[in-house]
Each structure stands twice: as structure tokens, then as C-alpha cells.
Amino acid sequence: MLTSEPKRATAEGLRQAVRLAQADSLFLSVHVSTSPSEFTTEAIRLTVKSLLERVEQDQTGTLWEKPFREERERVERYMLTLRPGAAGLVVLSSGGAGEWYAFWLPGPVSAYAHFGRGAHILPLVDILDELEPVCLA
């Protein structure tokens with residue numbers, strides 16, 4: 001399996017994930033708040049399940065239905081092993097591309113799931129901007 005424990009979001013790790021946004025491969029991107037002080041592990045799993053059910057409705061009857069189900073199974077198996085460790089989590093999964101990234105985020109994120117070409121990485125870009133501030137002179 002491609003999965004691994006989530007890593008703390010670092011500038012280098014996030015830069016690696018940013019390239020996935022332009023990938024031609026199909027990705028399942030899942031963003032969820034996971035703060036242990038606010039959410040139980042079961043509540044996080046239920047949120048992810050609900051997000052994936054909504055995405056599955058969009059994929060039913062399309063050419064992407066089977067690839068989505070494969071990614072969904074991978075993410076749901078992973079969620080069974082997850083223990084909250086930060087305020088937010090982003091999972092980017094593409095079995096077809098052999099890519100798997102899971103990042104603990106320093107702040108909460110809006111619950112969101114997307115399946116399509118390239119990874120949805122907007123929360124990661126926002127964090128990368130915070131980690132690497134730019135100054136124009």
C-alpha cells in the first residue's frame with residue numbers, strides 16, 4: 001500500500017505536493033479538520049466518509065467511477081489507522097501515479113474532498129505562503 005503516517009507540513013514537503021496539482025493522473029484529495037481537542041477520531045472518520053459519499057455520487061456512471069472507488073477504499077482503510085495529531089489533515093492519493101501524501105496542518109481546514117486530474121492543494125499553498133513569506137522591495 002502507498003500510505004504512510006502523516007508528516008508535519010514543511011516548506012519542502014509542501015513544495016513536493018504542489019507539483020501534484022498539475023499532474024495528469026487522477027487524485028483523491030481530502031481535507032479535514034482533526035484537532036484532538038475538538039474532534040474524536042470517530043467523528044473525523046465519519047466526516048471523511050460523508051465527504052467521500054458526496055464525491056462518489058458525482059462519479060457514479062462515469063469513466064472515473066472505478067478509479068474513484070479504488071482511491072476511496074485506500075483512503076478509508078488509512079482513516080481506520082489514523083490518530084489525530086494536529087489541527088488539520090490533507091490526504092492526496094493516486095494509486096495510478098503511485099503517489100501518496102498525508103500532511104498534518106498547523107491550523108484547521110474546511111472539510112473538502114475532490115476527485116479529478118491533479119491534486120487539490122489550495123490549503124497547502126496557503127500554508128506554504130505562511131511558511132515562506134515573500135517580501136517585495
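Because the structure is a prediction, the values reported are computed rather than measured. For this chain, numbers begin at 1 and follow the sequence in order.
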Query raised in the report: Could R74 and E70 be called an ion pair, given the rule that one side-chain N must be under 4.0 Å from one carboxylate O?
Result: no
Query raised in the report: Looking at R69 and E73, does any basic side-chain N land under 4.0 Å from a carboxylate oxygen?
Result: no
Query - Inter-residue atom distance S29.OG - L51.CG, 0.5 Å rounding - result: 12.0 Å
Query - Atom pair CD/CH2 of E56 and W64 - distance to nearest 0.5 Å - result: 15.5 Å
Query raised in the report: Do L52 and L28 have side-chain heavy atoms sitting under 4.5 Å apart?
Result: yes
Query - Chi angles and distances behind the side chain to side chain contact (heavy atoms under 4.5 Å, CB included) call for V32, V90 - result: CA-CA 7 Å; V32 64; V90 170; over 6 Å; no
Query - Greater than 12 external heavy atoms within 6.0 Å of L80's CG - result: yes
Query raised in the report: How long is the span from the CG atom in L82 to the CG atom in L89, to the nearest 0.5 Å?
Result: 6.0 Å
Query raised in the report: Should E99 and R19 be marked as a salt bridge (Lys or Arg N to Asp or Glu O under 4.0 Å) after you check the CA-CA gap, both sets of side-chain angles, and the distance that decides it?
Result: CA-CA 11 Å; E99 300 277 7; R19 72 179 168 78; 3.3 Å; yes
Requested in this report: To the nearest 0.5 Å, tell me how far F68 CZ sits from L26 CG.
Outcome: 11.5 Å
Report task. Find out whether V91 and Y78 are in side-chain contact, i.e. whether some heavy atom of one side chain is under 4.5 Å from a heavy atom of the other. Result -> yes
Query raised in the report: With side chains defined as the heavy atoms from C-beta onward, is the minimum distance between S93 and F27 less than 4.5 Å?
Result: no
Query raised in the report: Of the non-hydrogen atoms in A86 and P36, which two are nearest, and what is the gap between them?
Result: O-CD, 3.6 Å
Requested in this report: State the CE-CZ distance between M79 and R45, to the nearest 0.5 angstrom.
Outcome: 7.0 Å
Query raised in the report: Would V18 end up clustered with F103 when hydrophobic side chains under 4.5 Å apart are linked, directly or stepwise?
Result: yes
Query raised in the report: What pair of heavy atoms forms the shortest contact from W100 to V75, and how long is it?
Result: CZ3-CG2, 4.2 Å
Requested in this report: Using a strict 4.0 Å threshold on nitrogen-to-oxygen distance, state whether K49 and E76 make a salt bridge.
Outcome: no
List the atom pairs, donor and acceptor, that lie under 3.5 Å between side-chain atoms in residues 104-123 and the rest of the protein, sequence neighbours left out.
unit_1, atom_1, unit_2, atom_2, d
R117, NH1, D24, O, 2.7

Requested in this report: First locate atom OG1 of T47, then atom CD of E42, and finally report the distance between them rounded to the nearest 0.5 Å.
Outcome: 10.0 Å
Query raised in the report: Should R77 and R72 be marked as a side chain to side chain contact (heavy atoms under 4.5 Å, CB included) after you check the CA-CA gap, both sets of side-chain angles, and the distance that decides it?
Result: CA-CA 9 Å; R77 280 193 312 267; R72 178 183 179 165; over 6 Å; no
